Amino acid sequence: MKLATLRTADGSTTAALATGAGSYIALPATDVGALLAQPEWRLVVEKAAGAAASKEQKVIAAGEADLAPLLPRAGKVICCGLNYGDHIQEMGRELPEYPTLFAKYADTLVGANDAVEVHGSGRVDWEAELAVVVGFELFRADEDQARGAIAGYTVANDVSMRDWQNRTLQWFQGKAWDGTTPVGPVMVTADEAGEHFDVRGYVNGELVQQGNTSTLVFDPAQLLSYISQFTTLRPGDLVLTGTPGGVGMGMTPPRFLKDGDILTTEIDGIGRLENQFRIHAPVPANA
């Protein structure tokens with residue numbers, strides 16, 4: 001199944017089940033994270049689908065709502081850097097023994113087609129990524145337990161402000177900017193998703209990134225297991241798995257997003273993000 005969080009005409013949000021016809025079945029939760037917090041969430045979705053078939057549950061037609069951030073209140077947004085072999089080489093580093101992790105906040109998340117507003121950075125870079133949505137609580141889990149706790153997968157772009165990121169050895173200040181991390185358009189449940197995914201990124205239609213998650217150093221189950229050794233993962237938490245080669249900072253010369261650019265991120269079988277960037281501040285003279 002494919003689950004989304006929609007903004008409706010009255011300004012509210014609702015979790016929804018995507019249908020094959022382009023419409024959505026409204027679900028009794030404000031967003032996908034709130035839905036996953038219900039222990040019997042699969043049954044909730046199945047009942048809603050059955051009710052929609054008998055016209056007892058609201059069906060939202062395409063065009064009546066737009067895509068909100070998939071997990072607008074995610075308790076944890078944890079990202080893995082340098083997890084594709086080609087990207088690691090591109091950045092001049094050796095394969096890591098342990099995952100390189102950093103955190104974002106729910107405030108960073110935007111919808112699949114939302115504009116991304118940037119104030120104060122002149123080196124805005126792209127990082128197309130597969131993201132994992134946690135479906136069950138995990139603490140000190142092994143890999144099999146972690147794999148079983150994956151609710152599904154979605155598309156993300158870990159947009160990075162490289163001028164801020166490179167001010168210190170800590171990445172956080174270049175990664176956690178409000179309203180700059182597109183996620184969506186849907187979560188495809190783990191039982192319907194494939195094992196490996198092709199991840200692609202485009203700038204104004206030009207392919208700049210392409211990779212397959214089969215080349216990840218740490219796969220989703222390994223990441224969730226590792227993270228759960230030191231912090232509890234709960235339903236609706238989000239883990240970004242890293243980006244393949246082709247980021248702007250690794251190009252010669254380096255290339256960054258400009259005002260008006262369209263960043264497209266897509267993963268076959270899951271969906272596509274398309275976000276226009278509005279970069280308001282001029283490039284700082286000392287950047």
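Quick caveat: nothing in here was measured; it's all calculated off a predicted structure.
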Chemist: For residues V155 and R272, determine if any side-chain heavy atom of one lies less than 4.5 Å from a side-chain heavy atom of the other.
Modeler: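 The answer is no, as the side chains (C-beta and beyond) never meet within the 4.5 Å cut-off.
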Chemist: Let me confirm one number: the CG-OG1 distance from L6 to T13, rounded to the nearest 0.5 Å.
Modeler: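 So the CG of L6 and the OG1 of T13 are separated by 9.0 Å.
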Chemist: Thinking salt bridges, do K175 and E127 make one under a 4.0 Å N-O criterion?
Modeler: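 A salt bridge links K175 with E127.
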Chemist: Following the transitive rule for hydrophobic clusters with a side-chain heavy-atom cut-off under 4.5 Å over Ile, Leu, Val, Met, Phe, Trp and Tyr, establish whether M1 and L71 coincide in one cluster.
Modeler: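 Cluster IDs for M1 and L71 match.
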Chemist: Assess whether salt bridge (Lys or Arg N to Asp or Glu O under 4.0 Å) is satisfied between R147 and D144, documenting all intermediate values.
Modeler: CA-CA 5 Å; R147 188 173 294 106; D144 286 340; 3.1 Å; yes
Chemist: Heavy-atom distance under 4.5 Å between the side chains of F256 and S121, does that happen here?
Modeler: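 Not in contact.
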Chemist: Would you say the ring centroid of F197 lies under 6.0 angstrom from that of Y153?
Modeler: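 Distance test on ring centres: under 6.0 Å, yes.
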Chemist: Please check if the side chain of Q145 supplies one atom and the backbone of D142 the other of a donor-acceptor pair under 3.5 Å.
Modeler: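 At least one qualifying donor-acceptor pair exists.
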Chemist: Is the closest side-chain heavy-atom distance between R73 and D31 below 4.5 Å?
Modeler: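 Touching, per the 4.5 Å side-chain cut-off.
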Chemist: Does any non-hydrogen side-chain atom of I227 lie less than 4.5 Å from one of L233?
Modeler: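 Sidechains of I227 and L233: in contact.
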Chemist: Measuring from R140:CZ to Q229:CD, what's the distance to the nearest 0.5 Å?
Modeler: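 So the CZ of R140 and the CD of Q229 are separated by 8.0 Å.
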Chemist: Does the pair D219 and T213 meet the rule for a side chain to side chain contact (heavy atoms under 4.5 Å, CB included), with working shown?
Modeler: CA-CA 8 Å; D219 68 23; T213 58; over 6 Å; no
Chemist: Step through the shown structure and confirm whether more than 12 heavy atoms of other residues, nucleotides or ligands are within 6.0 Å of NZ on K58.
Modeler: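 Incorrect, the count does not exceed 12.
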Chemist: Looking only at non-hydrogen atoms, find the nearest pair between A141 and S225 and report the distance.
Modeler: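 A141 and S225 have their closest heavy atoms at O-OG, 2.7 Å.
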Chemist: Have E137 and T232 got a donor and an acceptor in their side chains that come within less than 3.5 Å?
Modeler: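 No - no donor-acceptor pair under 3.5 Å links their side chains.
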Chemist: Output the distance between atom CG (L3) and atom CG (L27), rounded to the nearest 0.5 Å.
Modeler: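 The CG atom of L3 sits 6.5 Å away from the CG atom of L27.
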Chemist: Would you say E117 and H280 make side-chain contact, with heavy atoms under 4.5 Å?
Modeler: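 Contact flag for E117/H280 side chains = yes.
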Chemist: Please test L224 against V239 for side chain to side chain contact (heavy atoms under 4.5 Å, CB included), starting from the C-alpha separation and ending with a verdict.
Modeler: CA-CA 8 Å; L224 267 59; V239 176; 3.9 Å; yes
Chemist: Answer yes or no: are there more than 12 heavy-atom neighbours, outside Y105 itself, under 6.0 Å from its atom OH?
Modeler: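 Atom OH in Y105 is not packed in, count stays at 12 or less.
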Chemist: Could you tell me whether a side-chain N or O of T8 sits under 3.5 Å from a main-chain N or O of A65, the two making a donor and an acceptor?
Modeler: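 Side chain of T8 to backbone of A65, a donor-acceptor pair under 3.5 Å: no, none is there.
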Chemist: Could you tell me whether Y98 atom OH has more than 12 heavy atoms of other residues or ligands within 6.0 Å of it?
Modeler: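 Open.
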Chemist: Going through the checks in order, is the salt bridge (Lys or Arg N to Asp or Glu O under 4.0 Å) test met by D259 and R278?
Modeler: CA-CA 5 Å; D259 184 46; R278 298 171 182 165; over 6 Å; no
Chemist: If I take atom CD from residue E143 and atom OH from residue Y226, how far apart are they, to the nearest 0.5 angstrom?
Modeler: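 E143 atom CD to Y226 atom OH measures 13.0 Å (nearest 0.5 Å).
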Chemist: Taking all non-hydrogen atoms of both residues, which atom of A49 and which atom of L17 are closest, and how far apart?
Modeler: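 Shortest heavy-atom separation between A49 and L17 comes out as CB-CD2, 3.9 Å.
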Chemist: Tell me if a side-chain donor or acceptor on S160 pairs with a main-chain N or O of D158 at a distance below 3.5 Å.
Modeler: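 Checking the backbone N and O of D158 against the side chain of S160, a donor-acceptor pair under 3.5 Å is found.
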Chemist: Tell me whether S23 contacts the main-chain N or O of A61 through its side chain, where contact means a donor paired with an acceptor under 3.5 Å.
Modeler: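 Here the side-chain-to-backbone pair does not exist.
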Chemist: Show the nearest heavy-atom pair for residues A16 and Y24, with the distance to one decimal.
Modeler: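 Closest approach of A16 to Y24, heavy atoms only: CB-CB, 3.7 Å.
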Chemist: Closer than 3.5 angstrom, by distance alone: can the side chain of W126 be matched with the main-chain N or O of Q209 as a donor-acceptor pair?
Modeler: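 Checking the backbone N and O of Q209 against the side chain of W126, no donor-acceptor pair under 3.5 Å is found.
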Chemist: Test V208 against R255 for side chain to side chain contact (heavy atoms under 4.5 Å, CB included), laying out the working first.
Modeler: CA-CA 11 Å; V208 291; R255 175 181 171 186; 4.1 Å; yes
Chemist: Assigning hydrophobic clusters by single linkage (Ile, Leu, Val, Met, Phe, Trp, Tyr; side-chain heavy-atom cutoff under 4.5 Å), is F102 placed with V247?
Modeler: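 Yes; V247 is reachable from F102 via cluster members.
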Chemist: Does N157 use its side chain to pair, donor to acceptor, with the backbone of T265 at less than 3.5 Å?
Modeler: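 No.
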Chemist: Just so I know, are the side chains of R234 and L138 near enough to count as touching, which here means a heavy-atom distance under 4.5 Å?
Modeler: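 They are not in side-chain contact.
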Chemist: Shortest non-hydrogen contact from L67 to A4?
Modeler: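 In terms of heavy atoms, the two residues are closest at CD2-CB, 4.1 Å.
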Chemist: Is it true that a side-chain atom of T154 and a backbone atom of V186 form a donor plus acceptor pair closer than 3.5 Å?
Modeler: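 Answer holds: yes.
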Chemist: Transitively linked via ILVMFWY side-chain contacts under 4.5 Å: W177 with V124?
Modeler: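 Linked, W177 and V124 end up in one cluster.
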Chemist: Flag yes if V116 and L257 sit in one hydrophobic cluster, no otherwise; membership is Ile, Leu, Val, Met, Phe, Trp, Tyr, and two members link when side-chain heavy atoms are under 4.5 Å apart.
Modeler: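 Yes, V116 and L257 fall within the same hydrophobic cluster.
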Chemist: Taking all heavy atoms of P72 and all of A106, pick out the closest pair and write down the distance.
Modeler: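 So the minimum-distance heavy-atom pair works out to O-CB, 3.4 Å.
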Chemist: To the nearest 0.5 angstrom, please state how far the CD1 atom of I262 sits from the CZ atom of F277.
Modeler: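 Here the rounded value is 9.5 Å.
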Chemist: Does D114 form a side chain to side chain contact (heavy atoms under 4.5 Å, CB included) with R7? I'd like the steps, not just the answer.
Modeler: CA-CA 12 Å; D114 289 345; R7 297 186 190 97; 2.7 Å; yes
Chemist: Within the structure provided, determine whether T241 and L223 are in side-chain contact (heavy-atom separation under 4.5 Å).
Modeler: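 SC-SC contact between T241 and L223 confirmed.
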Chemist: Can you tell if the side chain of D125 reaches within under 4.5 Å of the side chain of V159, non-hydrogen atoms only?
Modeler: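 Not touching, per the 4.5 Å side-chain cut-off.
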Chemist: For T168 and Q173, which I'm curious about, is there any donor-acceptor pair between the side chains at under 3.5 Å?
Modeler: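 There is such a pair between these side chains.
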Chemist: Would L70 and L109 show up in the same hydrophobic cluster when neighbours are defined by side-chain heavy atoms closer than 4.5 Å?
Modeler: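 L70 and L109: one cluster.
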Chemist: Nearest 0.5 Å please: distance from the SG atom of C80 over to the CG atom of L101.
Modeler: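 If we round to the nearest 0.5 Å, C80:SG and L101:CG are 5.5 Å apart.
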Chemist: Any sub-3.5 Å donor-acceptor pair from N83's side-chain atoms to L216's backbone N or O?
Modeler: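 Judged by distance alone, no pair lies under 3.5 Å.
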Chemist: Under 3.5 Å, is there a donor-acceptor pair between the side chain of T215 and the main chain of N212?
Modeler: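 Yes: the side chain of T215 pairs with the backbone of N212.
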Chemist: Testing the basics here: between T5 and V32, what is the closest heavy-atom pair and its distance to 0.1 Å?
Modeler: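 Closest heavy-atom pair between T5 and V32: OG1-N, 3.0 Å.
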Chemist: Look only at the side chain of E129 and the backbone of G242, and say whether a donor-acceptor pair between them is shorter than 3.5 Å.
Modeler: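 Between the backbone of G242 and the side chain of E129 there is a qualifying donor-acceptor contact (under 3.5 Å).
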Chemist: Below 4.0 angstrom, N of the basic side chain to O of the carboxylate: do R42 and E40 qualify?
Modeler: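 Not counted as a salt bridge, because no side-chain N and carboxylate O are separated by less than 4.0 Å.
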